[in-house]
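Sequential numbering from 1 along the given sequence is applied to the chain's residues. In this text the structure is predicted, and so the values were computed from the model without any measurement. No hydrogens, no waters, no symmetry mates; every other heavy atom, side chains included, goes into these values. Remember, it's 1-based here, ligands and their atoms both numbered in the order they're listed.
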Amino acid sequence: MTLRDKKGKIEVVIGPMYSGKTEELIRRVVRRTIARQRGVIFKISSDTRTKEEKVISRAGTSLEAKVVDVASDALKYVDEGFDYVAFDEVQFFDDKIVDVVKEFVNHGTDVIVAGLNLDFRGEPFESVMKIAAISDEIALLKAVCVVCGEDATRTQRLILKNGKWMPASKSDPVFKVEGEDIQIKYEPRCKDCWEVEE
Ligand SMILES: [Zn+2]
């Protein structure tokens with residue numbers, strides 16, 4: 001059996017906002033680069049945090065990335081014989097991402113994904129959980145709760161109402177990108193300090 005007959009492995013890095021997911025993805029890719037592995041990082045064009053062709057962690061580290069409009073665009077690279085591919089902010093990709101990940105795995109390419117565990121309502125992202133279920137390794141990163149200082153596993157959405165920051169409502173749309181709307185902000189919180197309006 002040649003190496004290429006082996007299926008790829010899936011590494012999942014999940015956690016709330018500000019838990020260092022992109023930093024961890026970059027760290028893993030850098031290690032592979034040192035090991036002379038070939039691969040590419042994908043990001044989706046709807047991730048408006050930066051339109052640049054790179055992934056940038058909040059700590060300031062960055063690596064080159066390919067921007068795709070839909071998940072299946074990544075399949076253009078499936079026959080490249082890459083050792084690995086990585087998907088940052090995987091929750092922003094469309095539902096096809098699960099099949100795309102499987103396709104790379106079947107071609108012997110390892111897949112690293114980084115993304116949110118839960119949305120601001122405390123609900124899992126379906127595609128992220130589906131990938132986690134078929135993964136070989138899951139890392140749950142934690143941030144620091146801004147209220148009490150405990151480990152934070154949740155993302156709090158706050159909205160500005162009459163000059164006061166209030167917990168967002170469960171009926172709000174899931175996707176809103178920070179910076180896009182001045183009335184919204186996010187912060188990491190522990191389970192006890194995290195709140196959502198019913
Ligand atoms: Zn707390």
Considering all heavy atoms of both residues, which atom of Tyr18 and which atom of Pro188 are nearest to each other, and what is their separation? CD1-CD, 3.4 Å
Under 2.8 Å from the Zn ion (ligand 1), which protein atoms of type N, O or S occur, listed by chain and number? Cys145 SG, Cys148 SG, Cys190 SG, Cys193 SG
Residues Arg28, Glu137: salt bridge by 4.0 Å N-O rule: yes
More than 12 heavy atoms of other residues, nucleotides or ligands under 6.0 Å from CD of Gln37: yes or no? yes
Could you tell me if the ring centre of Phe93 sits under 6.0 Å from that of Phe42? no
Heavy-atom count around Glu80 CD within 6.0 Å, excluding the residue itself: above 12? yes
If you measure from the Lys or Arg side-chain nitrogens to the Asp or Glu carboxylate oxygens, is any gap between Glu24 and Lys21 under 4.0 Å? no
